[in-house]
Protein chains: 2
Amino acid sequence: MREPRKAPTMADVARVAGVSAMTVSRALKSTSSVNPDTRKAILEAAEAIGYVLDGTASSFRLQRSGFVAATIPSIDNANFAATVGALTEGLKAAGLEVLLGATNYDLAEEERLIEQFLRRRPEAIVVTGGSHTDRARRMLEQAAIPLVETWDLPAEPIGHVVGFSNAAAIRTMVDHFADAGYRDIAFIGGEAARDSRGHDRRQGFVEAMTARGLDAGRLIDAGPPPISVREGALAMRALIERGLGAQAVICVSDLAAFGALTECQRQGLAVPRDVAIGGFGAYEIAAYSVPTLTTIDARAAEIGAEAARLVTGLLDGRIERTERLRIEVPYRLLIGQSS
Amino acid sequence: MREPRKAPTMADVARVAGVSAMTVSRALKSTSSVNPDTRKAILEAAEAIGYVLDGTASSFRLQRSGFVAATIPSIDNANFAATVGALTEGLKAAGLEVLLGATNYDLAEEERLIEQFLRRRPEAIVVTGGSHTDRARRMLEQAAIPLVETWDLPAEPIGHVVGFSNAAAIRTMVDHFADAGYRDIAFIGGEAARDSRGHDRRQGFVEAMTARGLDAGRLIDAGPPPISVREGALAMRALIERGLGAQAVICVSDLAAFGALTECQRQGLAVPRDVAIGGFGAYEIAAYSVPTLTTIDARAAEIGAEAARLVTGLLDGRIERTERLRIEVPYRLLIGQSS
DNA sequence: TTGAAAGCGCTAACAG
DNA sequence: CTGTTAGCGCTTTCAA
């Protein structure tokens with residue numbers, strides 16, 4: 001196949017076009033003034049020898065990488081994918097690219113990723129959540145670049161925040177169920193330690209139940225994240241096997257809720273007649289399952305878009321870098337047929 | 001918040017530690033020999049002033065970016081996410097990072113992405129599918145770096161290939177349905193132009209039906225990709241409204257199949273009694289929907305892992321760069337309750 | 001084991 | 001409009 005020959009440089013283009021490297025550089029930038037004929041000759045020469053601008057050299061010289069680093073717990077997640085998609089889109093106009101990494105819900109892995117990313121000299125960094133290892137926090141602080149923490153409202157943010165209260169969102173859902181007359185409500189969620197958003201949601205459940213004088217003790221642990229359909233189904237089965245004892249089940253995500261729903265169907269329980277179900281995340285499946293699922297729309301894309309606005313604003317000076325901003329993206333309760 | 005001060009360089013560390021920059025460089029590499037005391041002092045100095053190695057300068061000097069560029073049609077897709085996850089994992093040991101971009105099923109966008117990525121001087125590039133614009137093909141050829149085309153077996157590959165025949169996979173599924181006695185089978189898929197894998201699947205459907213002397217005319221267009229639950233449901237509704245006339249429906253993906261399934265449920269059709277359904281991709285939902293879905297497992301993670309093996313092998317010389325490799329990852333038919 | 005010099009490819013700044 | 005010079009931060013090479 002292809003020979004691993006050396007890539008041509010501006011000097012090569014310059015030689016072919018009979019100009020200096022500097023003129024080539026200018027010709028490739030549409031903003032600088034170059035004689036039209038000269039530019040034409042240069043572009044043709046570049047095309048002829050297959051020249052592609054060396055962005056590594058360029059960004060090194062400019063001391064601007066053009067990268068914004070972003071970490072999410074998992075790539076395979078419609079919510080985070082939507083956030084990243086909107087972030088990428090929002091940064092495009094500013095000529096910024098997203099360097100994406102998945103932590104797999106592991107703070108140690110997040111720390112490794114952050115260290116690796118900081119070596120690439122990103123111009124800003126967008127992370128999911130406000131929980132980080134001490135070393136990660138220190139690295140982020142020392143990096144002295146705009147930092148945005150998303151999908152959460154951390155008690156002690158390191159940088160700017162674009163998110164919402166996961167606890168409040170679940171409280172809203174509990175209120176919805178309680179107002180509808182449900183008293184015995186269970187919560188299917190995951191291990192507290194590895195997923196702060198999941199933890200906050202469980203916290204919100206306990207708070208809301210307690211505030212209403214209801215039993216907040218029906219907590220089913222669905223194991224470590226990612227908590228998906230399978231985990232929801234298994235947790236529901238465990239709940240049914242121990243005698244259910246709940247008229248409603250709130251799940252940490254729609255995928256788990258869908259798993260719980262299908263488990264009910266397999267076990268011959270009617271939803272919502274025998275059990276009502278609530279999810280989280282407004283995944284597409286919530287709108288198409290039979291019955292549709294009551295859920296919380298966390299506005300994943302808006303979170304990414306806001307983060308992009310924040311980053312570009314901070315980088316071009318439209319936003320002061322001195323104050324720590326906190327942008328709350330309002331979640332929405334979507335009532336489905338499952339409750 | 002943080003002052004946008006200038007990041008410390010090796011020279012700064014050297015000054016603090018009382019050595020030369022070169023010694024700092026060596027001290028940070030575990031492979032070079034440096035006096036243990038000197039190294040200790042240097043690492044402390046680095047820690048003290050918050051020094052982080054400038055990877056952009058390093059890779060510029062070394063003329064090695066440490067990047068492998070990868071393009072996928074969409075981030076929000078469990079199959080491509082699995083491929084990228086395995087690719088990332090497989091490249092980690094070689095010190096390579098993945099620069100990920102989504103084309104949104106748009107060849108023009110893919111061309112833009114490839115151009116952008118090539119500027120970053122990736123050491124290899126992994127793309128999804130074998131359809132590219134002419135300019136993209138030219139750029140990929142001229143880049144003279146290892147190229148892997150995945151998820152397909154292109155008739156005219158530009159580089160190495162790790163994939164499977166989407167047409168053959170669907171033929172296998174058609175055979176399964178036909179062997180089970182189904183004669184009138186419909187296919188729900190998308191616009192041919194934008195998604196070559198979807199196009200090949202439809203092609204496979206037509207071939208297999210024709211080969212068996214069955215009517216290959218029941219093709220329902222679900223519109224442009226991404227074809228998800230909603231599109232599957234709408235297509236199924238359209239099919240039902242025009243009188244169904246099929247005992248089985250094969251969908252271009254499990255998400256569409258799930259949409260079709262739920263539409264049947266909404267319309268009071270029993271699956272598989274009234275209609276059988278087949279999907280594609282072995283998404284988690286196929287294993288948990290009620291009934292479970294018959295599907296094709298394309299082994300998304302294996303594709304990514306094989307691509308990583310290929311890339312690392314080509315880069316470190318274990319694999320000859322001269323021959324065009326074609327690695328076929330065998331798909332599997334998974335029979336569910338829906339057929 | 002440590003240091004000095006050179007240069008990777010590009011572009012800002014200045015000069016013509 | 002075009003050219004020359006210098007240098008971004010690092011590591012290879014050569015020397016001590």
Side-chain angles (χ1 to χ4, degrees), chain A residues 4-43 45-46 49-67 95 118-123 143-144, chain B residues 4-43 45-46 49-67 95 118-123 143-144:
Chain A
R5 61 184 148 65
K6 219 163 159 314
T9 71
M10 273 191 182
D12 298 322
V13 180
R15 205 168 304 119
V16 174
V19 294
S20 73
M22 193 57 236
T23 305
V24 175
S25 176
R26 285 197 265 256
L28 297 177
K29 288 224 148 300
S30 44
T31 48
S32 6
S33 53
V34 177
N35 181 304
D37 294 342
T38 311
R39 169 168 277 145
K40 188 157 164 292
I42 288 170
L43 293 180
I49 65 174
Y51 175 74
V52 176
L53 178 75
D54 189 334
T56 67
S58 170
S59 64
F60 174 54
R61 165 67 236 235
L62 296 170
Q63 294 294 85
R64 295 194 54 231
S65 67
F67 281 129
L118 288 180
R119 286 200 212 288
R120 300 283 184 184
R121 295 292 190 262
E123 301 184 28
Chain B
R5 62 184 146 66
K6 220 163 157 314
T9 70
M10 273 191 183
D12 298 322
V13 180
R15 205 167 305 119
V16 174
V19 294
S20 74
M22 195 54 240
T23 305
V24 175
S25 175
R26 286 199 262 261
L28 297 177
K29 287 225 149 297
S30 44
T31 49
S32 6
S33 53
V34 177
N35 182 304
D37 294 343
T38 313
R39 168 167 278 143
K40 186 158 167 292
I42 289 170
L43 294 179
I49 65 176
Y51 174 74
V52 176
L53 178 75
D54 188 334
T56 67
S58 171
S59 64
F60 173 55
R61 167 64 237 236
L62 296 170
Q63 296 291 72
R64 295 195 53 232
S65 67
F67 280 130
L118 288 181
R119 286 199 215 288
R120 300 284 185 183
R121 295 291 189 263
E123 301 184 29

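To find a chain, count down the sequence lines: A is the first, B the second, and so on, and within it residues start at 1.
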Atom CZ of B:Arg119 with >12 non-hydrogen neighbours under 6.0 angstrom: yes
Selection from D:dT11, C:dT2, C:dG9 that lies nearest to any side-chain heavy atom of B:Arg26: C:dT2
Gap between atoms CZ and P, on B:Arg15 and C:dG3 respectively (whole Å): 14 Å
A:Phe67 side chain reached by B:Arg120 side chain, heavy atoms, under 4.5 Å: yes
Non-hydrogen side-chain atoms of A:Val19 and A:Val13 separated by less than 4.5 Å: no
Length of the line joining A:Leu28:CG and C:dG9:C1', which is rounded to integer Å: 13 Å
Length of the NZ-P vector between B:Lys29 and C:dT2, whole Å: 17 Å
Under 3.5 Å donor-acceptor, A:Arg39 side chain and A:Arg26 backbone: yes
Between C:dG9 (P) and A:Arg64 (CZ): distance, integer Å: 22 Å
B:Arg119 CZ - C:dC10 P separation (whole Å): 11 Å
Among D:dC1, C:dT2, C:dA4, the one nearest B:Thr23 by side-chain distance: C:dT2
A:Lys6 side-chain N/O to C:dG9 phosphate OP1/OP2 under 4.0 Å: yes
Interatomic distance where CG belongs to A:Leu62 and C1' belongs to C:dA12 [whole Å]: 9 Å
D:dT2 phosphate, OP1 or OP2, under 4.0 Å from A:Ser20 side-chain N/O: no
Any A:Ser58 side-chain nitrogen or oxygen under 4.0 Å from OP1 or OP2 of C:dC10: no
Sugar-phosphate only, base, or nothing, as touched by A:Thr56 at under 4.0 Å among non-hydrogen atoms: nothing
5' priority, DNA chain C, between B:Pro36 and B:Gln63 [closest heavy atom]: B:Pro36
Interatomic distance, A:Met10 CE vs D:dT2 C1' [rounded to whole Å]: 15 Å
Check: B:Arg61 side chain, C:dG9 base, donor-acceptor under 3.5 Å: no
Whether A:Phe60 stacks on the six-membered ring of D:dC8 base, 5.5 Å and 30° limits: yes
Nearest-nucleotide pick for A:Asp54, side chain only, options being C:dA13, C:dC10, C:dA4: C:dC10
Nearest-neighbour nucleotide for the A:Thr9 side chain, C:dC10, D:dT12, C:dT11 considered: C:dC10
A:Thr38 vs D:dC1: side-chain N/O to OP1/OP2 distance below 4.0 Å: no
Per A:Tyr51 side chain, nearest of listed nucleotides D:dT2, C:dC10, D:dT11: C:dC10
d(CE, B:Met22; P, D:dA16) in whole Å: 17 Å
A:Asn35 side-chain proximity, nearest of D:dT11, D:dC1, D:dG3: D:dC1
Pairing of B:Lys40 and B:Asp37 as salt bridge, 4.0 angstrom limit: no
Side chain to side chain, B:Val16 and B:Ile49, heavy atoms closer than 4.5 Å: yes
